[in-house]
Amino acid sequence: MSGAGERSKNDLACTPVIRAGQKEWFLNLRKQVAEGKPYVFSEAFIPHEILEAFDLPYVINEWWSGLVAARRQSAYYFNDLEARGFHAGLERYTALAYATVVDDKNPDPPWGGLPKPAFIAFSISSARPQNVPRYEQLAKVWGVPCLPIEVPSTGRPMLGHWWEASRRGWEQLYPTYHLDYMTETFKEFVKFCEDATGTKLDMAKLREAVDRGNQQQRYFEEIRTAIIENKSPVSMNEQLGNVMTIQWRRGSEWALNAAKMFRDEVIERVRAKQWLCPNETTRLLWLGRGLWQNTSFYRAFEESHGAVFVRSMYMSIAIDGYPRYGRDPLRALASRYCGIGLLNLDWDIHEAKTHGVAGVVAAADNVNGRQRAAFAKAGLPLLALDVDLVDGRTWNEDALNNQMSEFLEKTLNVPRQAGRRSSSADSSVGTH
Amino acid sequence: MGEDAGAAALRELEQAYRGSASAADRACKAGERIVAYCGQGIPQELILAAGCFPVALTPYAGHPTPLADEQFDRDGNPWLKSMFEQIVGAPRDLLELVVIGPPLQEISVMIEDLRRYEETFELVTPTCYFELALRQTDRNSRYAKDRTSALARRLGTLAGAELNTTRLAAAIALTNARRKSMQRLIEARRGEAMITGAAAYRALGASKFLDVEHYTSCIDAVTSALVVSSNLRDRPRIVLAPSSALAHDQAHEALEAAGALVIAEDDSGGSRSDVQPIVEDVDPIAAIAAHYHQTTLGHHIFPAERRLDWIKTEAIKPDVDGVVFYAEDSFFGWDYPELKNHLESHGKAAVLFDVDARTPAGRIKLEHMARPFIERLACTREERSR
């Protein structure tokens with residue numbers, strides 16, 4: 001079974017509402033763009049709050065890539081890219097947006113396809129050189145300008161326990177020269193948006209967008225606390241889906257309301273002791289980027305082993321890495337892009353401990369020896385799965401189930417519960 | 001190659017290139033204070049002005065990496081592991097400092113993170129990271145000057161004194177002389193067939209491991225002694241476009257074993273070596289900053305016109321028969337279809353090989369993959385010459 005399997009069942013009433021809201025927003029966006037409204041195509045590592053302050057809607061490359069993968073269309077598009085001369089060895093994770101745009105003859109593009117934006121905003125980093133030619137190619141296909149945001153590296157790790165300082169003490173977290181540079185970079189970004197819209201930045205609107213984003217993360221933080229302090233009331237795949245859908249519209253009223261709706265329902269489930277897996281015995285942490293090609297995998301071992309994935313980096317980085325408070329919202333935002341704390345081992349281990357996980361699981365390409373050693377030192381066994389995060393051609397249901405079962409039973413000593421099988425096509429909810 | 005002086009110089013350069021792993025050790029034994037560097041765009045002039053000997057660290061195959069094996073995955077990138085090992089495993093007191101540049105930020109971050117948590121890392125050579133923002137804007141020019149000044153201050157602490165104008169100017173004069181000499185060899189390769197691409201590439205690459213003045217005299221001797229080679233004259237002439245700055249000559253060796261002559265490469269270790277002179281009669285820090293801001297290479301350079309200008313211009317010249325794109329990295333190839341169209345529209349055959357020639361098996365595989373392409377070029381070349 002290659003990347004197949006039934007879609008995972010949603011437990012929360014808000015999940016289909018959030019998803020439908022996003023889809024409705026996108027379909028409306030297509031209509032508005034057809035009527036002349038500008039929008040921006042951007043990557044994840046961009047200060048979207050600035051776009052929000054200009055009333056510029058935006059679509060994010062990583063969201064679109066995840067959408068295509070979740071629709072099990074990645075194999076089709078990767079094959080198409082190869083037919084166009086982009087060799088099979090190219091990095092794929094964020095290539096799907098380009099693939100869907102360049103394949104303009106496909107009768108079934110995801111959600112009708114991506115409309116042409118006013119411009120593309122992306123970051124330039126020597127660590128991700130593929131970004132530049134790919135976004136430039138995309139801009140050429142569309143015939144639109146690029147706004148690159150250059151982010152030279154400092155070559156320095158984040159300070160220890162950065163998550164305790166990031167919200168308000170960010171000025172101390174980064175070298176001042178780097179903060180100054182990124183602040184100036186964002187002024188250039190603002191100027192580009194002013195030229196594109198014919199309006200000046202309203203600093204009050206920017207502050208409001210930043211404040212809404214901060215409040216959104218505070219709602220997520222309440223969800224995280226609920227997960228930590230109780231049996232899990234929400235599945236990993238719903239966490240991933242809801243958090244990322246909301247994050248991709250961070251700073252908007254819609255995102256704030258959606259985050260509140262998500263928070264309210266999770267808290268209500270805790271109050272009603274409505275647990276995701278009543279027989280939860282073992283907690284797991286998913287390390288690194290999400291298994292977007294089949295998120296129902298995260299629920300596949302609840303019934304068989306009482307094993308629940310409780311933490312991924314997405315909600316946690318939204319909570320710890322994104323909020324910024326301060327008198328100068330532009331500089332505060334700039335600090336986020338000086339270094340956001342992802343891939344920081346201290347943080348992953350801190351999160352693992354606070355969530356009470358017994359083990360860590362990741363895709364093999366996302367794990368190195370240092371991580372293994374650090375988790376081992378922290379008493380946390382780690383399993384690296386042989387699977388690509390988005391390429392459906394690499395999915396082997398039996399092999400993955402066997403790897404996980406062995407990890408649970410032999411490494412974590414979690415017994416298989418009598419008569420239960422594991423399956424990434426099977427997810428159910430029970431009430432306590 | 002005719003004359004003994006040229007041949008001897010070439011042998012010396014080859015030995016320096018092949019023995020790069022012990023370059024720092026040799027220089028240290030000769031009494032030098034060593035500042036190692038790795039990555040792109042590191043201003044050697046600052047190291048020289050600090051009275052230190054700049055030596056490049058480059059990864060090499062088959063290098064035991066016990067320290068790196070603990071930190072990276074068992075299947076982790078062996079080239080990154082080699083770099084990591086050379087830095088953290090360097091004997092105490094061999095290196096004063098390691099200056100790390102892009103795209104090696106991962107190693108820099110990892111080493112400094114380990115240093116603060118692992119007692120065994122506290123005596124690892126100090127590092128500093130140097131990266132410029134390469135878009136050609138006024139702000140980035142100022143950023144380049146700031147970062148260059150900061151690196152100069154850091155190196156000044158090694159020197160025990162500020163890097164003053166006199167020392168900087170002298171360093172620039174030295175490296176400019178080397179640039180001029182390297183440029184002559186690069187230009188000579190585009191003329192009659194006189195030297196294999198692999199040998200030329202090694203000769204150019206040896207600049208990273210030898211005393212600047214001595215290297216300059218060696219490369220001058222090599223270039224002066226070049227004569228037309230009947231063995232090379234009829235080979236198809238190709239431009240090699242690799243996915244990243246090559247730290248090895250294996251791609252050259254494989255393609256030339258398949259029958260080609262590599263006359264140029266889109267690579268900072270070869271034809272795109274740092275040969276543009278630094279302006280000499282202005283503030284040296286400003287001149288050094290401007291130079292590296294304008295000339296540092298990278299596949300993340302924006303816009304495409306700047307990133308692809310060299311390959312689009314050089315590879316369509318009459319002395320080129322074809323272009324081989326060599327992808328040993330997974331980020332490389334997004335420009336390829338466009339470049340292929342451009343080259344073919346100018347009558348130049350192009351092909352991309354997604355293979356890693358850094359292993360013996362990979363090198364043989366590249367040779368086999370390239371052979372049909374090179375043979376077609378040879379036929380075309382022969383038909384044209386009739």
Side-chain angles (χ1 to χ4, degrees), chain A residues 81 84-92 95 98 122-140 146 148 150-160 175 177-178 180-181 184-185 187-188 339 343-346 364-374 384, chain B residues 39-40 68-76 100-110 112-114 116-117 127-135 137 139-140 143 146-147 150 244 298-304 307-308 327 329-338 340-341 352-355:
Chain A
L81 282 179
R84 291 175 189 273
F86 297 102
H87 67 93
L90 277 170
E91 179 268 336
R92 299 168 190 155
Y98 175 77
F122 65 94
S123 66
I124 295 179
S125 162
S126 58
R128 296 186 308 277
Q130 66 272 24
N131 260 14
V132 178
R134 196 170 58 223
Y135 282 115
E136 281 194 297
Q137 298 276 349
L138 185 54
K140 199 184 257 191
C146 288
E150 195 156 5
V151 189
S153 175
T154 62
R156 288 296 177 254
M158 291 286 281
L159 291 183
Y177 77 81
H178 200 52
D180 291 344
Y181 179 81
E184 290 302 311
T185 297
K187 287 181 183 170
E188 186 184 299
L343 308 178
N344 176 263
L345 264 180
D346 280 353
D365 282 350
N366 279 224
V367 180
N368 62 36
R370 178 151 183 254
Q371 286 169 314
R372 288 177 199 269
Chain B
Q40 296 290 305
D69 288 345
E70 289 175 10
Q71 306 303 333
F72 289 77
D73 195 44
R74 61 178 178 272
D75 298 327
I100 304 174
L104 299 174
Q105 56 272 79
E106 178 186 348
I107 291 179
S108 177
V109 169
M110 188 184 273
E112 294 310 319
D113 204 25
L114 285 163
R116 61 182 175 183
Y117 292 117
T127 70
C128 65
Y129 187 78
F130 182 81
E131 179 173 343
L132 303 180
L134 298 183
R135 280 180 64 210
T137 65
R139 182 162 53 82
N140 284 354
Y143 184 80
D146 285 345
R147 303 314 313 134
S244 52
H299 287 289
H300 60 295
I301 283 183
F302 175 90
R307 184 174 68 251
L308 304 178
D329 302 283
S330 67
F331 59 76
F332 182 71
W334 290 105
D335 288 321
Y336 174 64
E338 177 190 331
K340 184 174 163 74
N341 285 343
L352 183 144
F353 297 123
D354 173 18
V355 65

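Computed over heavy atoms, backbone and side chain alike; hydrogens, waters and symmetry mates excluded. Everything numeric in this text was worked out from a predicted model, so none of it was measured. Chain A is the first sequence line, chain B the second, and so forth, proteins listed ahead of strands; every chain is numbered from 1.
Separation of atoms CD (A:Gln371) and CD (B:Gln71) is listed at 11.0 Å; rounding is to 0.5 Å. Interatomic distance, A:Met158 CE to B:Asp113 CG, rounded to the nearest 0.5 Å: 11.0 Å. Atom CD in A:Glu136 sits 13.5 Å away from atom CH2 in B:Trp334 (nearest 0.5 Å). Between the OH atom of B:Tyr336 and the CG atom of A:Leu90 there is a distance of 11.5 Å, given to the nearest 0.5 Å. With rounding to the nearest 0.5 angstrom, the OH atom of B:Tyr117 is 3.5 Å from the CG atom of A:Asp346. To the nearest 0.5 Å, the span separating OG on A:Ser126 from CD on B:Gln40 amounts to 10.0 Å.
Only the side chain of A:Tyr98 has a heavy atom closer than 4.5 Å to any heavy atom of chain B. Only the side chain of B:Leu352 comes within less than 4.5 Å of a heavy atom of chain A; its backbone N, CA, C and O stay farther away. For a residue to count as touching a neighbouring chain, one of its non-hydrogen atoms must lie under 4.5 Å from one of that chain's; by this rule A:Arg84 touches chain B with the backbone only. Looking at A:Thr185, the atoms closer than 4.5 Å to chain B (heavy atoms on both sides) sit in the backbone and in the side chain alike. For a residue to count as touching a neighbouring chain, one of its non-hydrogen atoms must lie under 4.5 Å from one of that chain's; by this rule A:Leu81 touches chain B with the side chain only. At a 4.5 Å heavy-atom cutoff, the contact between B:Ala327 and chain A is made by side-chain atoms alone. Neither the backbone nor the side chain of B:Ser244 comes within contact range of chain A, judged by heavy atoms closer than 4.5 Å. Heavy atoms of B:Glu338 lying under 4.5 Å from chain A belong exclusively to its side chain.
Per-residue counts of heavy-atom pairs under 4.5 Å with chain B were compared for A:Arg128, A:Glu150, A:Gln130; the largest is that of A:Glu150. With respect to chain A, the highest number of heavy-atom pairs below 4.5 Å among B:Cys128, B:Ala304, B:Ser330 belongs to B:Ser330. Of the listed residues (A:Gly85, A:Ala384, A:Pro157), the one with the most heavy-atom contacts under 4.5 Å to chain B is A:Pro157. When the candidates B:Glu112, B:Arg116, B:Lys340 are compared by the number of heavy-atom contacts under 4.5 Å with chain A, B:Arg116 comes out ahead. For the set A:Ala88, A:Ala373, A:Ala364, A:Ser125, the entry with the most heavy-atom pairs within less than 4.5 Å of chain B is A:Ser125. Considering only heavy-atom pairs separated by less than 4.5 Å from chain A, the leading option among B:Thr137, B:Asp146, B:Leu134, B:Leu308 is B:Leu134. Per-residue counts of heavy-atom pairs under 4.5 Å with chain A were compared for B:His299, B:Glu106, B:Arg139; the largest is that of B:Arg139. Comparing B:Gly101, B:Ser108, B:Pro102, B:Ala68 by how many heavy-atom pairs each has under 4.5 Å with chain A, the most go to B:Ser108. Among A:Pro148, A:Ala374, A:Ala127, the residue with the largest count of heavy-atom pairs under 4.5 Å with chain B is A:Pro148. Among B:Asp329, B:Leu132, B:Leu114, B:Ile301, the residue making the largest number of heavy-atom pairs under 4.5 Å with chain A is B:Leu114.
In this pair, B:Phe302 and A:Phe122 present their aromatic rings perpendicular. The plane angle is above 60°, beyond the 30 to 60° band.
Both the sub-6.0 Å distance and the 45° axial angle are not jointly satisfied by A:Arg156 relative to the ring of B:Tyr129.
B:Asp354 contributes a side-chain N or O that, together with a main-chain N or O of A:Gly89, makes up a donor-acceptor pair within less than 3.5 Å. Listed for the A:His87 side chain is a donor-acceptor partner under 3.5 Å among the backbone atoms of B:Phe332. No side-chain donor-acceptor contact under 3.5 Å links B:Glu131 to the backbone of A:Pro152.
The shortest distance between side-chain heavy atoms of B:Gln105 and A:Thr154 does not fall below 4.5 Å.
Ion pairing between a basic and an acidic side chain is recognised when a charged N comes within 4.0 Å of a carboxylate O; B:Arg135 and A:Glu188 show such pairing.
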